[in-house]
Each structure stands twice: as structure tokens, then as C-alpha cells.
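Here's the structure, in C-alpha cells; my notes come after.
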Number of protein chains: 2
Amino acid sequence: MASNAAFAEVANLAGDPGRAGMLHALMDGRALTATELARVAGITPQTASGHLARLSTGGLVTVQKQGRHRYHRLASPAVARMLESIMQVAAGSAPRRKAFVGPRDLALRAARTCYDHLAGHLGVALADALVANGQIELTSDAGIVTGKGAALFDRLGIELDATFDKKGSGKRKGRMLCRPCLDWSERRPHLAGQVGRALCRHCFTAGWIKHVDGTRAVSITAKGQRNFRDVFGIR
Amino acid sequence: MASNAAFAEVANLAGDPGRAGMLHALMDGRALTATELARVAGITPQTASGHLARLSTGGLVTVQKQGRHRYHRLASPAVARMLESIMQVAAGSAPRRKAFVGPRDLALRAARTCYDHLAGHLGVALADALVANGQIELTSDAGIVTGKGAALFDRLGIELDATFDKKGSGKRKGRMLCRPCLDWSERRPHLAGQVGRALCRHCFTAGWIKHVDGTRAVSITAKGQRNFRDVFGIR
DNA sequence: GCGATGCTTTGGCCTTCACCGAAGCATTTC
DNA sequence: GAAATGCTTCGGTGAAGGCCAAAGCATCGC
């Protein structure tokens, strides 16, 4: 098998604790410098440098140099989905020591970004609320935005591209579909895909949530509290 | 981070060439013995045994002993999806040597099973045909079975469970959603999820396709040729 | 029982690779 | 220019783990 070696190589890149820590940190979709990544992974900059070089040639991250800084980010949404799927398996086979999750862990479980959409308790609560209000319908395989949902997004000023990529035949109007993504901390689906991305972006630009320091965790602002309650019926 | 170590461990399990080969072989969803897996991975049985023990305690495969045989299979659909997503990244960063794909590779590219659904040229052609006939609609995020599609499946005798898992509130009728899955060899989506599984199962039971020896590759029977042409308009 | 088959465990060899300290570039700042 | 900062390359060390041969358990068939 030709692709077997490439498979093992990619998996191996994610299979080192140091590299895993850096990839984990990059899951929020932002670009970070080598020193920052070294710090979160708990290794020295020179070690991180070597790892990042390998991740780069392996096609998992891309580098963008800017002055004396080098910004690293995940190479593609496919990489983010891969990391997410590994996390799901890891969460399933986890040692399940429920005692003592650290404070940082708690913040992550409450609300965090997952590459380009929202996850954690907030992400799941949003998905639940949209389902309960009849604005989306979800199975484990896929989801769809109903007419009520489309009206809501329109009211919020969230633009969704309701066209299909039919190669050749040009764009065509169709239903808005969305992708569910099993949350590794909540074990329940949250919204991913195009709809999840648009919703997450809106939450940030509207000032409903903001990042905690430089982590994937997000905190809900007072304005966000109000809107999540009034618009979605959360809390 | 509590889950970081578990993440690296899971990824590392898939990151060894020997284990990767075995996992790859298990991707067709069947249960294989340690000796068979050793052969496809190109290692000795005792080495394979060690690897399988680690994969088992790591939660990637489950073992089922039957007489003096021990059958191994992927532990869950989540594991299959993880392997699939790693393949996609690996295919994206592949060395792109298009020259010389082996005969086995050719058979795999033509048609194969991917855990519980169809992939390869056939899988993509089926998805394309269903879209072209207006029986399903697909985006990169998700898909939906249209009324025409539901009629087709009904005519074929394929039962689809059109209910949503709304915990607490009991079952509820809804639209049939399906999951697209990017094919690593064709770079185009094929049908996965519940619909993909049901369709694949039907193709086998109706005698339209059958497995080639003991591999993931499938061959199309004469009866299958006719039906794929008459029912779906393929070829 | 006895041999054959499937699988696992043990032991020893050997490669791989993560790690850090120190030195070397590159870029910015003064 | 000189110092400071971000990052990389080099060299050496140490541990982890893949590999196989041989021996040890199980199970099946006669």
C-alpha cells in the first residue's frame, strides 16, 4: 500500500506529547509563535523548533514569517478535524479519573473554540437550544437549518451561503446543511461546519464572548449572558 | 491538560507502520485474526501480538476469542472515523508520486469498503449519481435525502430510520440526513453515515458487489453492473 | 494421550528519536 | 555598529520501543 507509510507518518507526528501539546494549542485556529508553543507544551524553544519543522514538512502546520517572528497555524480544516477525531477516541478510552480537573480544564470545559466553532458546555447548550426551538434538526450524521432557523440567522445578521458546490453546473440554491461534531468533554454534539463557524464568528464580533488570555477557553461577557438568554433561551 | 497525554497515546498507537498496516486492514469492518494481520502488516506473529495487545488496552480494537482463534476488530465507529480523517490528511500531504500504483492499489481505488460504507471510484460515482438524479443533496458539511431519494430507497427495499435521537422526548419523525466523507483516493465525497451503511449493505446482500479475496477491495458482479446502470445510471 | 496449530511471553539486540546546552543566524532596536 | 530578541542548527546523552528467535500456553483433531 502506497499511502500506508504516509498514514503512519502523519499519525506519528501527532503521537508525541510535545507535538500533541502544540497541536492542541493550535486548535483554536490562531497563529502562534514557536516560543509560545514551546511554553504551552512545556519544552525548550530549540526542541519546539525541531518539532515544528517536522510538523511543517509533514503538512500539519504552515509557517508564516513576519519580521523576527514565525507564526504557526494548522495547515487546513482537515487537520483540525483529524485532531478532533483523535480527541474523541482519546476521550472514549480515557482513564476516566473524574476527580480533580484543574481550573484551566474547567474553563475549557465551560466554553472553548474548536478551530473555527464553539465547543464545551456553551457549544452544546447552543446546539441544544437551537434544536429545542426547532431552528435546526440534528442526527449524529448531519444537521439541517429549518425555515425558523434561517429566519433567526437572518435576524441576527449572520450570512449563510446556501449554495451547493456542484462542480460544472454552477451554484444552485438549496437547504442549509450543517455538521454536528461530538464534543469530547460533554459527549454530546455541538455545531461545526459552515453554520458553526458563522455562529462562532458572530458571537465574537457581537462581543458576546471573548478569549481568556491566550488560550482556547472563552468567557461569556455580560452582554453575551443577556443575549444567550433572550435570543436562545439559555440559562 | 488532563486529556493531552491520552491524545498523544492514541495518536502514537496509530503512528507505527506495523500497527498502521493492521488498522488499515481492519478498516473494512471485519474481524481478523492475529496471524492474518501480521501477514498484511509484513511482521511476524509475535510482533503483531504485542502490537495488538497495546491497541486493545488503548481502546482502538476489541478482541473476541473463539476457539483457538482471536478475532480483532475496530472498537467503534469513532475509531474508524479517526482513521479515515488521518488518511485524508496523509493523502493531502502525500509525496504525490502518481507514477506506479500497484495492482492492489488499483483495485482499492476502483471500489472498496470503508468500515461500513462504500468508497473509491464506485462510492464516489454512486454519490454523484444520487446527486445528479436529485435523490440526495450534498454539501461538504452534510447531506439530505430528498423525497425522490426516499422513494428510491423504499423501492429498493432499503429501510432507513428517519428518526432523531432526541433524548427524553422520545422518537420523532424527521428528514433523513446523511454524512458525506471525503474520499482519499478520489478527493471527492462519497456517502457515509447511516445512509451509506444501508446502501452498502444492500449492495452486498443483493449480490451487486463482493469482496476480493480477503481485502477491502470489492468487485462489481455482472448483476451489479446491470443494476448500477439501470437503477442509478452509472456507466 | 500426542502432535499440530494459533497465539502470547520472554530476552536480547538495535535503531530511533526526544531532550537540552551551546553556538550560530536573522531581524529589530538603540 | 552593538546589544537584544526570536529562532534554528549542532552534538552528545539517554531512554523508549520495534524487531525477531525461542520457549511457553492454550485449543483442536486424531
Side-chain (His202(A)) to main-chain (Leu156(A)) donor-acceptor, under 3.5 angstrom = yes
Any donor-acceptor pair under 3.5 Å linking the side chain of Arg187(B) with the backbone of Ala91(B)?
-> yes
Can you say whether the rings of His211(B) and Phe204(B) are parallel (under 30°), tilted (30 to 60°) or perpendicular (over 60°)?
-> parallel
Sorted by chain and residue number, the side chain to side chain contact (heavy atoms under 4.5 Å, CB included) partners of His69(B) (sequence neighbours excluded) come out as Thr33(B), Tyr71(B)
Provide, to the nearest angstrom, the distance between the [atom1] atom belonging to [X] and the [atom2] atom belonging to [N].
| X | N | atom1 | atom2 | answer |
| --- | --- | --- | --- | --- |
| Asn12(B) | dG18(D) | CG | P | 8 Å |
| Leu37(A) | dT8(D) | CG | P | 11 Å |
| Leu52(A) | dA18(C) | CG | C1' | 14 Å |
| Arg54(B) | dT9(C) | CZ | P | 14 Å |
| Leu13(A) | dT16(C) | CG | C1' | 14 Å |

Partner of Leu118(B) under side chain to side chain contact (heavy atoms under 4.5 Å, CB included), picked from Ile209(B), Leu199(B), Leu191(B), Val124(B), is Ile209(B)
Classify the side-chain pair Arg112(A)/Ser185(A) by whether it contains a donor and acceptor separated by less than 3.5 Å.
-> yes
Listing time: all N or O pairs from protein to nucleotides 19-22 of chain D that are below 3.5 Å?
residue	atom	partner	partner atom	Å
dC19(D)	OP2	His51(B)	NE2	2.6
dC20(D)	OP2	Thr44(B)	N	3.4
dC20(D)	OP2	Thr44(B)	OG1	3.2
dC20(D)	OP2	Thr47(B)	OG1	3.0
dA21(D)	N7	Gln46(B)	NE2	2.7

Atom CD of Glu9(B) with >12 non-hydrogen neighbours under 6.0 angstrom = no
Select one nucleotide: of dG18(D), dA18(C), dT9(C), the one nearest the side-chain heavy atoms of Arg19(A).
-> dA18(C)
In Å, rounded to the nearest 0.5 Å, how long is the span from CG of Leu23(A) to CG of Leu13(A)?
-> 8.5 Å
Any residue of residues 56-73 of chain B with a heavy atom less than 4.0 Å from an atom of DNA chain C = Arg68(B), His69(B), Arg70(B)
